[in-house]
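One structure is given here, and the rest of the page talks about it.
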Amino acid sequence: MVTKQFKGLPTDADLTRADSLAREIFSDVANKWALLIIEVLGDRTLRFSELRNEVEGISHKMLTQNLRMMERNGLVERNVHPTVPPRVEYTLTEPGRGLRATVDGMCGWTQRYLGQIEASRRRFDA
C-alpha cells in the first residue's frame, strides 16, 4: 500500500484511512522502543552508546532503526561531531518534545496501574 501524501490543513487529515500518513506515523512511534527512547532522551542530548546503555535490552540494530525512523519523522535531531572516531549525539526536536508529554502520561499510567494489570493477568491466565 502506498501512503497517501497529505494535502491541505492538518485538521483536515482523515486519520482513519488505511493509506493515511497519520496511520504510518502512529505505527512508527507506537512501539516500545520508540516510546522508551523518547522517555530516556527527555530534555537531554545523549550519544548512541549512552542511549543503548539506558534502554535496557535494545539491540544495536533496533536502536539504529528506531533513531533513523525518528529522525525521518522529525522527532530526533542527529548531530555528528567531526572527531575521530565521529561523536554522534541525539536530542529531541520540538515535535519530539511535544510527543514526550504523551509518552510521560503513558509511563505514569503504566506505573499507576501496573499492579492492577498484573493481578488481572493472573486471574485471566488461571
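Residues: numbered from 1 along the sequence shown. All values below were derived from every heavy atom in this structure, side-chain atoms included, with hydrogens, water molecules and symmetry-related copies excluded. What you see is a predicted model, and the numbers here were worked out from it, not measured in a lab.
- Taking 4.5 Å as the limit, every side-chain heavy atom of L36 sits out of range of all side-chain heavy atoms of I58.
- Between L41 and T91, the closest side-chain pair of non-hydrogen atoms is not below 4.5 Å.
- With salt bridges taken as basic N to acidic carboxylate O contacts below 4.0 Å, none links R72 and E77.
- With contacts defined as side-chain heavy-atom distances shorter than 4.5 Å, the pair I38/M106 does not qualify.
- Under the 3.5 Å distance criterion, the side-chain polar atoms of R97 are matched with a main-chain donor or acceptor of L92.
- Q111 places no side-chain N or O within donor-acceptor distance of the main-chain N or O of G108, the cut-off being under 3.5 Å.
- Within the 4.5 Å cutoff, side-chain heavy atoms of E54 are placed close to those of R44.
- For the pair R78 and L67, the minimum side-chain heavy-atom distance is 4.5 Å or more.
- Under the side-chain contact (heavy atoms from CB on, under 4.5 Å) rule, Y90 has a single partner from V40, L46, N79, L51, which is L51.
- With rounding to the nearest 0.5 Å, the separation of OG1 in T64 from CE in M69 is 12.0 Å.
- With a 4.5 Å cut-off on side-chain heavy atoms, S120 and R123 count as touching.
- Between E89 and R87 there is a salt bridge, with a side-chain nitrogen of the basic residue lying less than 4.0 Å from a carboxylate oxygen of the acidic one.
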